[in-house]
Amino acid sequence: NTEVNALKDVSLFYTEEEVKNIDKHAKKVTQELNKAEKAFTNVACEVRWLFEDDRYKALATASTFEQFLSDRYGFKKSQGYALCKLVDRFGEQDSDGNYSIKKEFVSFGQSKLMLMCPLTDEQIKDNIKPSMTVAELRKVVKSILKSDSLGISDVSERSENSEQEEQEEQENNNVVDSSIVSEKVV
């Protein structure tokens, strides 16, 4: 394969020590993305708390939830509701009324939880693992939802997407999964 050979050629330009340093930085990116997933799940819980009983109105900065989130955090209209839906589906309230994600779902992170929202607990238990990538999870969720609409109950009965459909799906999903992360930081 030409691509594999090109990768081998590139690696010849770096010493073993430089490759180790590059790998260290690549692993750091993964660690930071994991932290961001956790942080954004926490953001979802706080947004849900603000939404409840229109608490955001106490700050007298906006008359609507959408306006509040847009003005304060730069969120688009549907993003706040998507976060609330995530917390409503996978969260719980403590005795003080604060929200958190249930322990059994914490390891999934915000991007995966957003994809899992339409699934039942049974579908998640039977088909989803925290170790799945977002791309893998997207395929499984799509398959489950498609099977449900066709009345197929067993994952093994589901037909696989054709290679072309998978490529089209991948191209459509080249958008960042955490698109609800705002560029506006307060």
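Sequential numbering from 1 along the given sequence is applied to the chain's residues.
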Original post:
What is the distance from atom CZ of F65 to atom CG of D54, rounded to the nearest 0.5 Å?
Top reply: 9.0 Å

Original post:
In terms of side-chain heavy atoms, does Y99 have a donor or acceptor partner in E46 at a distance below 3.5 Å?
Top reply: no

Original post:
D96 and D94: which non-hydrogen atoms are nearest, and at how many Å?
Top reply: N-OD1, 2.9 Å

**OP:** Kindly indicate, with the supporting measurements, whether the criterion side-chain contact (heavy atoms from CB on, under 4.5 Å) is fulfilled by F13 and E18.
**Re:** CA-CA 9 Å; F13 294 113; E18 289 172 322; over 6 Å; no

Original post:
Just wondering, do E92 and S100 contact through their side chains at under 4.5 Å, heavy atoms?
Top reply: yes

**OP:** Taking the six-membered ring for Trp and the single ring otherwise, decide whether the centroids of Y56 and F51 are under 6.0 Å apart.
**Re:** no

Original post:
Which is it for L83 and F75 under the side-chain contact (heavy atoms from CB on, under 4.5 Å) test, yes or no, and what are the steps along the way?
Top reply: CA-CA 11 Å; L83 294 174; F75 286 5; 3.5 Å; yes

Subject >> Rounded distance [0.5 Å steps], CD1 in I22 versus OG1 in T15 >> reply: 8.0 Å

Original post:
So, Q79 versus Y73: side-chain donor-acceptor pair below 3.5 Å or not?
Top reply: no

Subject >> Pairwise side-chain contact, L59 with R72, heavy-atom cut-off 4.5 Å (strictly under) >> reply: yes

Original post:
Between I124, D126, L119, which is the residue that forms a side chain to side chain contact (heavy atoms under 4.5 Å, CB included) with I144?
Top reply: L119

Original post:
Under 4.5 Å between any side-chain heavy atoms of R89 and M114, yes or no?
Top reply: no

**OP:** Taking all heavy atoms of L145 and all of P118, pick out the closest pair and write down the distance.
**Re:** CD1-CG, 4.0 Å

Subject >> Point-to-point distance, once rounded to the nearest 0.5 Å, from CD of Q110 to SG of C45 >> reply: 11.0 Å

Original post:
Is E32 atom CD crowded by more than 12 heavy atoms from other residues, nucleotides or ligands, each under 6.0 Å away?
Top reply: yes

Original post:
Got a second to check how far L86's CG is from R48's CZ, nearest 0.5 Å?
Top reply: 11.5 Å

**OP:** First locate atom CD of E136, then atom OG1 of T133, and finally report the distance between them rounded to the nearest 0.5 Å.
**Re:** 3.5 Å

Subject >> S147 side-chain N/O to S143 backbone N/O, donor-acceptor pair under 3.5 Å >> reply: yes

Subject >> Any donor-acceptor N/O pair, K112 side chain to P130 backbone, under 3.5 Å >> reply: yes

**OP:** Go through the steps for Q93 and N98 under the test side-chain contact (heavy atoms from CB on, under 4.5 Å), then give the verdict.
**Re:** CA-CA 5 Å; Q93 274 186 298; N98 297 311; over 6 Å; no

Original post:
Do the non-hydrogen side-chain atoms of S111 and E37 ever get within less than 4.5 Å of each other?
Top reply: yes

Original post:
Any donor-acceptor pair under 3.5 Å linking the side chain of N127 with the backbone of Q123?
Top reply: yes

Original post:
Atom CZ of R138 and atom CG of L115: how far apart are they, to the nearest 0.5 Å?
Top reply: 5.5 Å

Original post:
Among the clusters formed by ILVMFWY side chains lying less than 4.5 Å apart, do L33 and M132 turn up in the same one?
Top reply: no

**OP:** Assess whether atom NZ of K102 is packed by more than 12 heavy atoms of other residues, nucleotides or ligands within 6.0 Å.
**Re:** yes

**OP:** For K27 and D23, run salt bridge (charged side-chain N to carboxylate O under 4.0 Å, His left out): C-alpha distance rounded to whole Å, both residues' side-chain angles, the deciding distance at 0.1 Å, then the answer.
**Re:** CA-CA 6 Å; K27 287 178 180 174; D23 186 54; 3.1 Å; yes

Subject >> 4.5 Å side-chain heavy-atom contact, L69 and Y81 >> reply: no

Original post:
Taking the six-membered ring for Trp, are the ring centroids of F90 and F108 within less than 6.0 Å of each other?
Top reply: no

